[in-house]
**Q** 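One structure coming up, written as structure tokens, with questions to follow.
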There are 2 protein chains.
Amino acid sequence: MATIKEIAKKAGVGVGTVSRYLNDHPYVSEDKRKKIQAAIDELDYTPSAIATQLRSQSTKNIGVLVSRLANPFFAELFDAIERKLNLYGYQVLVSQTHDDSAAEQRFLDQLKNHQVDGVILASVENHELVRSFAQAYPQKVILLNEENKYQDIQSVTLNHYQATFDALNYLFNQGNHHFVYITGGNYDVKSHGYSRTKAFQDFAKQHQLSINPDWIFSQKHTAADGQEIARNLIKNSKNTLPDAIFTNSDEVAIGLIDELQKNNISVPKDIAVMGYDDQPFARFAAVPLTTIRQPISAMANKAVNILLRSLTGQDVPENITNEDLKLKLIIRKSA
Amino acid sequence: MATIKEIAKKAGVGVGTVSRYLNDHPYVSEDKRKKIQAAIDELDYTPSAIATQLRSQSTKNIGVLVSRLANPFFAELFDAIERKLNLYGYQVLVSQTHDDSAAEQRFLDQLKNHQVDGVILASVENHELVRSFAQAYPQKVILLNEENKYQDIQSVTLNHYQATFDALNYLFNQGNHHFVYITGGNYDVKSHGYSRTKAFQDFAKQHQLSINPDWIFSQKHTAADGQEIARNLIKNSKNTLPDAIFTNSDEVAIGLIDELQKNNISVPKDIAVMGYDDQPFARFAAVPLTTIRQPISAMANKAVNILLRSLTGQDVPENITNEDLKLKLIIRKSA
DNA sequence: TCGTTTAATGGAATCGATTCCATGTATTAA
DNA sequence: TTAATACATGGAATCGATTCCATTAAACGA
């Protein structure tokens, strides 16, 4: 590959002049412009991004971390983020954790070794780890849709507590009192998704519902997980079945419904099922899902806006309102 | 951030020694090892990946190009590719074309400017463009699941022609003779997905089916597209409706079925619908999809194997057989 | 004992761009 | 006419690693 030196030589000018030409600096005569461009064309020259990055100490790369891209929610989120970042000339590097905090570590290390200028974390496994990075690089890290226990980390957060509470209320008011709760995280304070779980716990307390520990499921993500839960429920609960299931993912909901119906349990008549995300597919399910819609594109845009602003100091329009970031209960057939 | 120079200074050794230590070269005394490690710990040093990349002329980054990650097929494909590449210490950069060849151009330029060591193209818009890159960097480019008109480009290809032909035969043998054909590409030779289209054309010829030009749809990808097609079909075809629809995507199939049913057209009784991909969701659709399953993980592994081998010259196990790469008709309810 | 490997080490050169500095010429102001 | 700016340019220094080369010390063989 040709280098800037070769271009300079071929054009009969200094490397400085070539660089100035490439970067649209003034102070390059028309005469040399032509010669330089000719040399570039002739040698099919493209500047080495790596060299530029080293010298300029900036990569124009942003890392995005999600737990699993095969989850349509994350795929759509990534899509929105990429579109927005491309607008500003950034490339995007995605990584998936698959719930593995070692993968998260490797991802974050890219900040340290300057592979990326900043990161958007749409998933966090190890809060301590993330926090230590966020403190080391406060402008370079932003949490998206994750619990933020520490005010010192930039983040865009939605009110999942309220949305979950409202959805549970909706189920309750339909006469459901025996709940199954399924989360993608763990059923404790340190887990991601805890504000939803907290809402469930508070809700149960408020209505004095007894929580059956066998009806709490953790780290469930896929339709296959949902099917398994349904089987488990049917097998273990002898004569008592729940009357409502709150999932934290449409995928799980779909698996559940499929398996329940196969066992002649009607949704929503026998059991109501509440999804989460309003994934593209939700409306097309065998029983169209009642679910909580996340405002994906608004979330993505806001996160990118904030990150770019803090990264470059330059003014990036703030055009996302709190209204745009509202979660919304979508009522279909499953509950 | 600390640099290797500062480490050298703090440890009282030369930069060469530090570098040797970092890269596990022999010829570093136990004594200095300790001092260097102490300095590294104290200054929280991490080598700059950019500098290393510049010097070593290799990035350990691979680019993956897909048309749309929100398509579950591509999301799963990406997932499989990423898992495999991580195993070998590579990072992955994804880009989406969204059918825009300018995006493809930008993506490929990363090869030229050394942002990536190689690329996997699971989608191609502009064949000429891709070919010119493939010729400039023959070992660095591999096509995955795309038409390969030129034998000079590395690729892994499946027999979509045969799979499509077989699926059409299946539909035909059920008594369907009036076909709608829907592709994600264009209905011509230059388009991606043409071997499927060719199979359809040959099939029609063989059975002397008349092709209704109003029943050919191009560049359709989403469930919304499917719904629109269904509406279009119903509105325009007065008293004649097709009896079978061959789609090139489960997503489209799902939208179709939804809209047809809303109009009291029964699937598969009135119209049979054939999907493509066997996306995770296919089995959970309102009418579980009859579709053609793509061997995603085998495809991904094979592509990565070939690419890494041609990139590094080193031996990467070839453990994917042709049997693993077979497309398979999955019969459910929609046809 | 002396020549020959082997082990350790420091530091300059290098990868390919950008930017600062020095220098020179042309233009304008007074 | 002269001083002050503006315009153009070449090339060295720099970003932060790796690697080659030169040098020295220790171990080895005969």
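None of the values given here were measured: they were computed from a predicted structure. Order of the sequence lines sets the chain letters (A, B, ...), proteins ahead of strands, with each chain counted from 1.
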**Q** Nearest-Å distance, CD1 (B:I50) to P (D:dA17)?
**A**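 Rounded to whole Å, this separation is 11 Å.
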**Q** Provide, to the nearest angstrom, the distance between the NE2 atom belonging to A:H25 and the P atom belonging to C:dC20.
**A**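 Going from NE2 in A:H25 over to P in C:dC20 covers 9 Å.
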**Q** Taking 4.0 Å as the cut-off, does a side-chain nitrogen or oxygen of A:Q53 come that near to OP1 or OP2 on D:dG16?
**A**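 Indeed not, no polar side-chain atom of A:Q53 lies that close.
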**Q** Using the side-chain heavy atoms of B:P47, tell me which of these nucleotides is nearest: C:dT6, C:dG11, D:dA17.
**A** D:dA17
**Q** Nearest to the A:R55 side chain among C:dT19, C:dA8, D:dT18, which nucleotide is it?
**A** C:dT19
**Q** To the nearest angstrom, how far is A:I4 atom CD1 from C:dC15 atom P?
**A**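 A:I4 atom CD1 is separated from C:dC15 atom P by 14 Å.
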**Q** How far apart are the closest heavy atoms of B:Q154 and B:K140, and which atoms are they?
**A** NE2-N, 4.4 Å
**Q** Between D:dT18 atom P and B:I36 atom CD1, what is the distance in whole Å?
**A**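 So the two atoms are 12 Å apart, to the nearest Å.
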**Q** For A:G16, does its backbone N or O pair with a side-chain atom of A:S19 as donor and acceptor, under 3.5 Å?
**A**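 Answer holds: no.
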**Q** Return the value, rounded to whole Å, for the distance between atom NZ of A:K5 and atom P of D:dG10.
**A** 15 Å
**Q** Are OP1 or OP2 of C:dT18 and a side-chain N or O of A:S19 less than 4.0 angstrom apart?
**A** yes
**Q** If I take atom NZ in residue A:K35 and atom P in nucleotide D:dG10, what distance separates them, rounded to the nearest angstrom?
**A** 9 Å
**Q** Would you indicate, yes or no, if C:dG10 has its OP1 or OP2 atom less than 4.0 angstrom from a side-chain nitrogen or oxygen of B:Y27?
**A** no
**Q** Rounded to the Å, how far apart are B:I7 CD1 and D:dT18 P?
**A** 13 Å
**Q** Mapping A:V18 and B:S56 onto DNA chain D by nearest heavy atom, which one lands closer to the 5' end?
**A** A:V18
**Q** So with a 6.0 Å cut-off around CG of B:D41, is the heavy-atom count from everything else above 12?
**A**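 Atom CG in B:D41 is packed in, count exceeds 12.
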**Q** Report yes if a side-chain nitrogen or oxygen of A:S29 is closer than 4.0 Å to either non-bridging phosphate oxygen (OP1 or OP2) of D:dT9; otherwise report no.
**A** yes
**Q** Check whether any side-chain N or O of B:T17 sits under 4.0 Å from OP1 or OP2 of C:dG10, and answer yes or no.
**A**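 The answer is yes; a side-chain N or O of B:T17 sits under 4.0 Å from OP1 or OP2.
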**Q** Just by modelled atom types, is the B:N126 backbone N or O under 3.5 Å from a matching donor or acceptor in the B:E104 side chain?
**A** yes
**Q** Between D:dG11, C:dG16, D:dA17, which one does the side chain of A:V15 approach most closely?
**A**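 Given the options D:dG11, C:dG16, D:dA17, the side chain of A:V15 is closest to D:dG11.
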**Q** Looking at C:dG16, C:dT19, D:dG10, which one has an atom nearest to any side-chain atom of A:T3?
**A** C:dG16
**Q** Nearest of C:dG10, D:dA12, D:dA17 to any side-chain atom of B:K32?
**A**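 Of C:dG10, D:dA12, D:dA17, C:dG10 is nearest to the side chain of B:K32.
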**Q** Does B:Y21 have a side-chain nitrogen or oxygen under 4.0 Å from the phosphate oxygens OP1 or OP2 of C:dG10?
**A** no
**Q** For A:E6 and C:dG16, what is the distance between atoms CD and P respectively, to the nearest whole Å?
**A**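 So the two atoms are 8 Å apart, to the nearest Å.
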**Q** Any sub-3.5 Å donor-acceptor pair from A:T17's side-chain atoms to A:V13's backbone N or O?
**A** no
**Q** For a quick test of reading the model: is some side-chain N or O of B:Q57 closer than 4.0 Å to OP1 or OP2 of C:dT14?
**A**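 Checking B:Q57 against C:dT14: no side-chain N or O falls below 4.0 Å of OP1 or OP2.
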**Q** Backbone N or O of B:H25 within a donor-acceptor pair of the B:N23 side chain at under 3.5 Å?
**A** no
**Q** Taking the nucleotide of DNA chain C with the closest heavy atom to each, which residue, B:D31 or A:S48, is nearer the 5' end?
**A** B:D31
**Q** Closest approach to the side chain of B:R20, judged atom by atom: which nucleotide of C:dT18, C:dT9, D:dA17 is it?
**A**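 Of C:dT18, C:dT9, D:dA17, C:dT9 is nearest to the side chain of B:R20.
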